[in-house]
**Student:** 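One structure coming up, written as structure tokens, with questions to follow.
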Amino acid sequence: APDGVQPAFDWIGSPRAFTAPDLVHFLLERPACPVPLVVVLDNASLHHSRVVRAALPALRARRIYFYFLPTYSPELNAIEPVFRAIKHCDLPERVYTPQPALEAAVDQAYARYENKLLAQHSYQPRLAA
């Protein structure tokens, strides 16, 4: 864990679609980590794009590795329940105007979820996969 023995819930907000270059930039800008960083991905097309494949040597040099979930296995994608909880519990309003209000609300919702996640976490090292 780049932030120490405590886990971190990292996110970046953007008013546009997240692209393959965004993914590569996000991962390469991560602080150096003393242990390998394994990123679990579904099989979205951007995760297998030319941009991402071209960045694999640089990512591996920084000890960042990908683990792809099997196809058609949404039950294994642990982020989906997180998105659902944030959407239905941490974003109580349904209309945000202007756009900066929506972005601020989403950032606050993710921060609240991270705090909840960290409060219930007990550090027990185990195999990742």
Side-chain angles (χ1 to χ4, degrees):
D3 299 321
V5 295
Q6 292 296 320
F9 187 69
D10 291 331
W11 71 92
I12 55 172
S14 174
R16 60 178 176 70
F18 194 70
T19 64
D22 294 331
L23 174 63
V24 171
H25 176 75
F26 177 73
L27 293 173
L28 289 175
E29 292 300 312
R30 300 283 306 138
C33 185
V35 296
L37 174 64
V38 178
V39 180
V40 179
L41 299 169
D42 59 18
N43 288 285
S45 59
L46 78 93
H47 299 153
H48 294 282
S49 70
R50 270 181 276 153
V51 171
V52 172
R53 285 194 312 264
L56 287 176
L59 292 166
R60 288 184 186 128
R62 301 237 12 237
R63 300 176 70 198
I64 299 172
Y65 302 96
F66 292 158
Y67 174 82
F68 288 96
L69 295 173
T71 55
Y72 305 110
S73 56
E75 71 280 0
L76 297 178
N77 194 344
I79 199 64
E80 294 301 331
V82 172
F83 290 155
R84 191 175 313 110
I86 289 171
K87 179 179 177 183
H88 294 290
C89 300
D90 291 309
L91 285 172
E93 294 181 41
R94 291 291 164 230
V95 177
Y96 295 90
T97 52
Q99 174 91 21
L102 172 61
E103 293 173 16
V106 169
D107 280 344
Q108 291 167 3
Y110 273 93
R112 281 192 300 274
Y113 190 86
E114 179 181 26
N115 288 335
K116 282 189 238 176
L117 187 67
L118 294 176
Q120 59 185 277
H121 174 75
S122 64
Y123 182 68
Q124 295 179 15
R126 58 190 170 98
L127 294 175

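This chain uses plain numbering: 1 for the first residue, then up along the sequence. Quick caveat: nothing in here was measured; it's all calculated off a predicted structure.
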**Student:** Looking at every heavy atom in both V24 and A55, which two are closest together, and how far apart are they?
**Tutor:**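 Looking at all heavy atoms of both residues, the shortest contact is CG1-CB, 3.6 Å.
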**Student:** Tell me whether L23 shares a hydrophobic cluster with L56, the cluster being built from Ile, Leu, Val, Met, Phe, Trp, Tyr side chains joined at under 4.5 Å.
**Tutor:**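 Hydrophobic grouping puts L23 with L56.
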**Student:** Can you see which heavy atom on P34 is nearest to which on R63, and at what distance?
**Tutor:**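 Heavy atoms of P34 and R63 come nearest at O-NH1, 3.0 Å.
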**Student:** What distance do Y113 atom OH and D90 atom CG have between them, rounded to the nearest 0.5 Å?
**Tutor:**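 The OH atom of Y113 sits 8.5 Å away from the CG atom of D90.
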**Student:** Rounded to the nearest 0.5 Å, how far does OH of Y67 lie from CG of L41?
**Tutor:**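 If we round to the nearest 0.5 Å, L41:CG and Y67:OH are 11.5 Å apart.
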**Student:** So does R30 get a backbone contact from the side chain of R62, meaning a donor-acceptor N/O pair under 3.5 Å?
**Tutor:**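 It does hold such a pair.
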**Student:** Can you measure from CG (L91) to OH (Y110) and round to the nearest 0.5 angstrom?
**Tutor:**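 Atom-to-atom, L91:CG and Y110:OH are 8.5 Å apart.
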**Student:** Can F66 be reached from L28 by stepping across I, L, V, M, F, W or Y side chains whose heavy atoms are under 4.5 Å apart?
**Tutor:**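 Yes, same cluster.
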**Student:** Extract all donor-acceptor atom pairs below 3.5 Å that involve side chains of residues 44-51 and protein atoms in other chains or at least two apart in sequence.
**Tutor:**
from : atom 1 : to  : atom 2 : distance (Å)
H47  : ND1    : D42 : O      : 3.0
H47  : ND1    : D42 : OD1    : 3.0
H48  : NE2    : N43 : OD1    : 2.9
S49  : OG     : L46 : O      : 3.1
S49  : OG     : V52 : N      : 3.3

